[in-house]
Amino acid sequence: MTVRVRFAPSPTGYLHIGGARTALYNYLYAKAVGGTFVLRVEDTDLERSKAEYEKLQIEDLKWFGITYDEGPDKPNPKYAPYRQSERWDIYMKYAKELVEKDLAYYDFCTDEELEAMKEKAASENRDPHYEGKWKNPEFKAEALKKIAAGEKAAIRFRAPKRDFTLNDKVKGKVVYPANMVGDFVIIRSNGLAVYNYCCVIDDWLMDITHVIRGEDHLSNTVRQLMIYEALGAKLPEFAHVSLLIGADRQKLSKRHGATSVNLYREENYLPEAMCNYLVQLGWSHPEEKDIFDKEEIQKIFTLDRFSPSPAMYDLEKLKWVNSQHIKKMASSEIIKLVEALPEAGYFKSQGPEWKSAATELFKQKVNFLSEIPKQINEMVLSEELEMNDQLKDILSWETTPKVIDYIDSQIQTITTPFITEAQMNGWMEHVKKELGVKGKPLFMGVRAALTGKDHGPDLKFLIPLTPVSVLKKRVAQLKK
RNA sequence: GCUCCCAUCGUCUAGCCCGGUCUAGGACAUCGCCUUUUCACGGCGGUAACAGGGGUUCGAAUCCCCUUGGGAGUACCA
């Protein structure tokens, strides 16, 4: 039997970081065992579900490189349709069968009655477990007659009064005591099915073998276990992955800042880095590696390396992971990506040699791709000197004026658009040997003269990338 | 309230299932030093954790119980 897993998002917003992580785990597992990854859209909440969100979420998934084998736009006739909103009749059909078998019953209870029941239960300090009076066969006949006459009613599942046990891949053995839940609604009085029920019907009918999802579903799983049993369906394996939490240890949500995947896309995070980080949040590499890519993980991914405790979503480490992936990446790849950036005007206008030299230099120093053109604009292009305390300090050294004078005299003789690394080294040699300036005054003096800054990348690489016209202007400003 | 889940450095985690090799390992962050200056990179090193209490055992981070703390669920939401 081949493995079939699914990711089942609700299209009620952008793809969430947590959702992406769950999708990733499913995807990785499918890849690891040669299974099928299904995308199912859980849009039973008509109020909040929007078709455009479905599209957006799929785009986000694509950005991650998460592709699915089956889904709304890639249907397998055996299992289609893949949107729950297109499966109402299926849910109803099985619900009626459950009623036939007395495993469920019609409930004509009104909202007011329900409310009263809940209040009463609360006042008696117990759970408002619903137990309808329609258990009685007479009531059943009566109910069926009313339904036939067109009366609206919900269908409630009759919860067996006994323990249920789940052997979860992450949590281990979980025992749900009897009476944990009362009879619960599976079909609303408007005829539409409810999550805990559709989910089971779909997983069953779609032959899902492994349900990998967030821990927030763990408590609800008892309801699903009951339905599987009533249906006579084979239970899939369950893996309830711990939740992502924010800095306040609460479940990660919008108020924790950037929790939508599209935000990271816009910020030009590397999808590979994002995957790397997300996978690592709750799952550990068997060799304790921190940096890895999807191709590597999908070969070795297993369900037994999940951490059972929640993981805090921490931008600092993500930043570092991103920087590591930038360093790993071929410069040719980076060039393509950088050129697509809005700040990359100057970068784009340069020749291939300049681009690759600049990329080699700056990719070592940034956490984000967008910092490459930003740094270039600042370090290479800016003509304006910013007179800060550090710079003033350097200028006050007694060796600095003669360094500047020398650099000025040299730069005047240059007629090429750029100087070479050899020329740069020659200047350094001269200042060191002939002017007798070495160590900190040497490097800081030359740096100040040519960049007007007290920090930046190695001079011998930086200066050959800087237009001579810019260098001249900087030196001229310092001469004044 | 009730039910379930969770508990190793500030953070992500290894180790836990199959007790001794753990004076608890790695990574991020942080601090210090080194590298022809600075930021960064790299290298080296430091600070830093088994929530508390009981058991079981010759021996417990590892097994059991309790407490505490955190999380989730408790809907005709998903």
Side-chain angles (χ1 to χ4, degrees), chain A residues 8-10 12 42-45 47-49 84 107 109-111 114 118 121-122 125-129 152-156 166 168 170-172 174-177 179-182 184-196 198-199 214-223 240 242-243 245 247 249-251 277 280-291 304-305 307-321 323 327 362-367 375 379 390 394 428 432 438-448 451 453-460:
Chain A
S10 296
T12 55
E42 307 220 323
D43 53 353
T44 53
D45 184 347
E47 303 260 309
R48 297 192 297 149
S49 299
Q84 292 189 328
D107 177 14
C109 204
T110 63
D111 286 350
L114 267 181
K118 271 182 209 162
N125 213 352
R126 58 177 173 82
D127 280 345
H129 287 171
K152 300 263 185 242
I155 297 179
R156 237 173 231 279
L166 169 69
D168 191 87
V170 181
K171 304 291 180 183
V174 178
V175 178
Y176 302 95
N179 291 321
M180 188 172 168
V181 293
F184 56 94
V185 169
I186 55 175
I187 303 278
R188 293 178 264 223
S189 47
N190 64 6
L192 304 184
V194 153
Y195 167 76
N196 278 117
C198 329
C199 178
E215 189 188 348
D216 45 345
H217 293 287
L218 188 60
S219 303
N220 280 145
T221 304
V222 66
R223 291 184 172 78
H240 284 97
S242 64
L243 262 19
I245 55 179
R249 302 219 139 259
Q250 306 277 307
K251 183 177 172 180
Y277 178 65
Q280 200 201 44
L281 230 41
W283 185 87
S284 57
H285 192 288
E287 288 158 33
E288 295 195 50
K289 283 173 78 173
D290 294 294
I291 301 298
D304 59 1
R305 296 201 62 81
S307 162
S309 46
M312 193 179 288
Y313 184 70
D314 169 35
L315 276 329
E316 276 305 322
K317 191 147 186 181
L318 170 58
K319 204 160 103 180
W320 177 76
V321 172
S323 77
K327 285 188 182 69
F362 285 100
K363 82 174 195 187
Q364 300 300 331
K365 306 180 182 301
V366 299
N367 292 321
Q375 292 237 13
M379 296 292 171
Q390 285 84 348
I394 297 165
M428 295 295 284
K432 192 167 158 187
K438 49 189 177 176
K440 191 166 174 168
L442 163 67
F443 280 85
M444 284 306 251
V446 174
R447 178 178 291 282
T451 71
K453 292 195 180 351
D454 61 309
H455 64 94
D458 284 346
L459 288 173
K460 62 176 175 183

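Bear in mind the structure is a predicted one, so any value in this text is a computation, not a measurement. Protein chains get the first letters and strands the later ones, always in sequence-line order, with residue 1 at the start of each.
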Subject >> Counterpart base for B:U56, defined by Watson-Crick or G-U wobble contacts under 3.5 Å >> reply: none
Subject >> Nucleotide of B:U3, B:G26, B:G15 approaching A:Glu288 most closely (side-chain heavy atoms) >> reply: B:G26
**OP:** Give A:Ser189 one of three labels, base, sugar-phosphate or nothing, depending on what nucleic acid heavy atoms sit under 4.0 Å from its own.
**Re:** base
Original post:
Of all the choices, B:C5, B:C41, B:G26, which nucleotide is nearest to the side chain of A:Lys327 once you look at every atom?
Top reply: B:C41
Subject >> Nearest non-hydrogen partners of A:Gly282 and A:Ala311, listed with the distance >> reply: N-CB, 4.5 Å
**OP:** Record whether the side chain of A:Asn220 comes under 3.5 Å of the base of B:A78 through a donor-acceptor pair of N or O atoms.
**Re:** yes
Original post:
Checking all strands, does A:Lys453 fall into the base, sugar-phosphate, or nothing category for heavy-atom contacts under 4.0 angstrom?
Top reply: nothing
**OP:** Examine B:A14: is either OP1 or OP2 under 4.0 Å from a nitrogen or oxygen in the side chain of A:Ser284? Give yes or no.
**Re:** yes
Original post:
Quick one: does A:Tyr176's side chain have a donor or acceptor within less than 3.5 Å of a partner on A:Arg223's backbone?
Top reply: no
**OP:** Looking only at side-chain atoms of A:Arg447, point me to the closest of B:C41, B:C76, B:U38.
**Re:** B:U38
Original post:
Base, sugar-phosphate, or nothing: which does A:Gly282 touch, judged by heavy atoms less than 4.0 Å apart?
Top reply: sugar-phosphate
Original post:
At under 4.0 Å between heavy atoms, what does A:Val175 touch on the DNA or RNA strands: base, sugar-phosphate, or nothing?
Top reply: sugar-phosphate
**OP:** Test A:Tyr277 against A:Asp314 for side-chain contact (heavy atoms from CB on, under 4.5 Å), laying out the working first.
**Re:** CA-CA 10 Å; A:Tyr277 178 65; A:Asp314 169 35; 3.7 Å; yes
Original post:
Closer than 4.0 Å, any side-chain N/O of A:Arg48 to the OP1 or OP2 of B:C77?
Top reply: no
**OP:** Tell me what A:Lys289 touches on the nucleic acid: a base, only sugar-phosphate, or nothing, going by heavy atoms under 4.0 Å.
**Re:** nothing
**OP:** Provide the Watson-Crick or G-U wobble partner of B:A48, both distances under 3.5 Å; none if there is no partner.
**Re:** none
**OP:** Using a heavy-atom cut-off of under 4.0 Å over every strand shown, decide if A:Asp45 touches base, sugar-phosphate, or nothing.
**Re:** sugar-phosphate
**OP:** Could you tell me which nucleotide pairs with B:G42 by Watson-Crick or G-U wobble geometry, both distances under 3.5 Å, or answer none if nothing does?
**Re:** B:C34
Original post:
Taking the side chain of A:Met444 as its heavy atoms from C-beta onward, which of B:U13, B:C5, B:U37 lies nearest to it?
Top reply: B:U37
Subject >> Face-to-face stacking of A:Trp320 with B:C28, centres under 5.5 angstrom, angle under 30° >> reply: no
Subject >> Residue met sooner reading RNA chain B from 5', once A:Ile187 and A:Tyr277 are mapped to nucleotides >> reply: A:Tyr277
**OP:** Look at the side-chain N and O atoms of A:Arg249 and state whether any lies under 4.0 Å from the OP1 or OP2 oxygen of B:U11.
**Re:** yes
**OP:** Would you please confirm or rule out a distance under 4.0 Å between OP1 or OP2 of B:A78 and any side-chain N or O of A:Thr44?
**Re:** yes
**OP:** Determine which nucleotide pairs with B:U74, using a 3.5 Å limit on both distances of a Watson-Crick or G-U wobble pair.
**Re:** B:G1
**OP:** For A:Ala154, report the nucleic acid contact type (base, sugar-phosphate, nothing); a contact means any heavy atom under 4.0 Å.
**Re:** base
**OP:** Determine: side-chain N/O of A:Arg223 to OP1/OP2 of B:U3, distance under 4.0 Å, yes or no.
**Re:** no
Original post:
Which heavy atom of A:Gln84 sits nearest a heavy atom of A:Glu42, and at what distance?
Top reply: NE2-OE2, 3.1 Å
Original post:
Looking only at side-chain N and O atoms, does A:Arg188 come under 4.0 Å of OP1 or OP2 in B:C77?
Top reply: yes
Original post:
Can you tell me the Watson-Crick or wobble partner of B:G10, both distances under 3.5 angstrom?
Top reply: B:C28
**OP:** For A:Lys327, look at atom NZ and say whether over 12 heavy atoms of other residues, nucleotides or ligands are found less than 6.0 Å away.
**Re:** yes
**OP:** Please work out if A:Asn196 contacts a base, only the sugar-phosphate, or nothing of the nucleic acid, heavy-atom cut-off 4.0 Å.
**Re:** base
Original post:
At their closest point, which heavy atom of A:Ile187 faces which heavy atom of A:Val185, and how far apart are they?
Top reply: O-CG1, 3.3 Å
